[in-house]
Amino acid sequence: MSLTVLMNAGPWLSVPPPGYGGIENVVATLVPELRRLGVRVVLASVETSTLPVDEKIWVFPDGQFHALQRPYNQVCGISQAHLHGVVRELHARDDIDLVHDHVEAVGLATMAAMGPDGPPVLHTLHWDLAKHPELYGNLDGGDRVRVNGVSASQLARAPQALQDHSVGHVHLSTPLAVGADRRPRVEKGDYLVILGRINPGKGQDLGARLAQQVGFPLVLAGPVGPYHRPEDLAAAGDEARQNPDVRFFYDQVAPHVDGDLVRWVGTVAGQERDDLVAGARASLFPLRWEEPGGTAVVESLSLGTPVVSTSRGCLPELIEHGRTGLLTTDEEELGELVLAAGLLDPDECRREAAARFTPAMMAERYVGLYERVRQLAARE
Ligand code: UDP
């Protein structure tokens, strides 16, 4: 297949990400499979990205994640500088068949504004955008600009303008799903884990209270705002509190962190992350937001760890209640579900992951969508 795709992963983290990194992980998972299918990939990211691609473009030498605690206008300035680099590149060359954009609303509107001179664009929605229609400016790129969701529920909740431009959804995937059904069983510990950004939507405060209720140790893994390690957060002092996730951590989560029962270990990566999740009795997702895609959910299944979650967002699409996890609409029931999770079969989780969430499956779906987006654009 001769198709050149400009993959826009944004300026925040290198690809693959050093540890935490939702969008960057998706891009790092998708690109090798696309290249295996013959797609030429031009990656728009930061210079420190090490993902093998056919070409790289960047504005910033390294990831700007640390700047996310700065005032909002400065954060937008970073986004805009990155985006101008991408648009400049698009104006300068005519070999890009399609832009696969993962970054931001404003970016999509800007590309739409390129009009018929610009290539077709597929924008993957990564967030729960129901409450933020204003983030998406004018999408009048005619038939050139399309969006896809990472779950059916995310799309169903998206602002109407996005639904009008939708070409469907593609569930997230993980390299851990490849051969997951053939890996040997891992001995389970008696602890629970929450893998994800520390954030009110992810509900670590609820998880911590739950751990105290059922008496199982809980490990919280993930960054607090831009801080990946407990010592970095401690060193940042009061200024760090400008970040809402830092305030959430100090006000709602830290009071429950008591060393023995509930621990925050910062961001974990690589084998350490996989061992932590594989050895857990259950992965908790005490969600308060409508989880749009849930990479950590499919990773947990791949590692043979059942999921206990509030039934929000994409969770019912990814988890079969009673087989690969336990879901409830009632937060009060989570404690009982944690106790029951020990009865679920880890092999069922790993079989499900191998059958549904491999990168090859995701890439094939995307290649199908690229064709569809280009056909729709050609109608103009
Ligand atoms: N992650 C990680 N280390 C951590 C916490 C999270 O590597 O300590 C990874 C996690 O494995 C997943 C990603 O960060 O691949 C989070 O993606 P997800 O879709 O679950 O959540 P998001 O943050 O994008 O809402």
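Both ligands and their constituent atoms are indexed starting at 1 by order of listing.
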In terms of side-chain heavy atoms, does [X] have a donor or acceptor partner in [Y] at a distance below 3.5 Å?
{"X": "S283", "Y": "S300", "value": "yes"}
{"X": "T124", "Y": "H100", "value": "yes"}
{"X": "N148", "Y": "Y366", "value": "yes"}

Please determine if [X] has a nitrogen or oxygen closer than 3.5 Å to a nitrogen or oxygen of ligand 1.
{"X": "P223", "answer": "no"}
{"X": "R197", "answer": "yes"}
{"X": "G196", "answer": "no"}

Just need the protein heavy atom nearest to [atom], so name the residue and atom and give the distance.
{"atom": "atom 10 (C) of ligand 1", "answer": "E299 OE1, 3.3 Å"}
{"atom": "atom 19 (O) of ligand 1", "answer": "T295 N, 2.9 Å"}
{"atom": "atom 20 (O) of ligand 1", "answer": "A296 N, 2.9 Å"}
{"atom": "atom 24 (O) of ligand 1", "answer": "G22 CA, 3.6 Å"}
{"atom": "atom 8 (O) of ligand 1", "answer": "V268 N, 2.9 Å"}
{"atom": "atom 21 (O) of ligand 1", "answer": "K202 NZ, 3.1 Å"}
{"atom": "atom 13 (C) of ligand 1", "answer": "N25 ND2, 4.0 Å"}
{"atom": "atom 14 (O) of ligand 1", "answer": "Y20 CD1, 3.4 Å"}

Is ligand 1 under 4.0 Å from a heavy atom in the side chain of H126, in the backbone, in both, or in neither?
neither
Under 4.0 Å from ligand 1, counting heavy atoms only, is it the side chain of T267, its backbone, both or neither?
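Both the backbone and the side chain of T267 come within reach of ligand 1.
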Give a yes or no on whether a salt bridge exists between K56 and E47, defined as a side-chain N under 4.0 angstrom from a carboxylate O.
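No salt bridge links K56 with E47.
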Note: R40-D95 ion pair, threshold 4.0 Å (strictly below)
yes
Per-atom contacts, ligand 1 versus A221 - under 4.0 Å to a heavy atom
5 (C), 8 (O)
Where ligand 1 meets G21 - atom numbers and elements under 4.0 angstrom, heavy-atom basis:
14 (O)
Please state whether the rings of H102 and H126 are parallel, tilted or perpendicular, taking 30° and 60° as the class boundaries.
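Ring orientation of H102 relative to H126: tilted.
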Determine the sole option in L276, I194, V262 for which the side-chain contact (heavy atoms from CB on, under 4.5 Å) test with V219 is passed.
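Single side-chain contact (heavy atoms from CB on, under 4.5 Å) partner of V219 among L276, I194, V262: L276.
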Taking F285's backbone N and O only, do any of them form a donor-acceptor pair with S309's side chain (distance below 3.5 Å, no angle check)?
yes
Under the salt bridge (Lys or Arg N to Asp or Glu O under 4.0 Å) test, which residues partner D94, sequence neighbours left out?
none
Partners of R36 by salt bridge (Lys or Arg N to Asp or Glu O under 4.0 Å), sequence neighbours excluded?
E33
Determine, using heavy atoms of G293 and all atoms of ligand 1, whether some pair is separated by less than 4.0 Å.
no
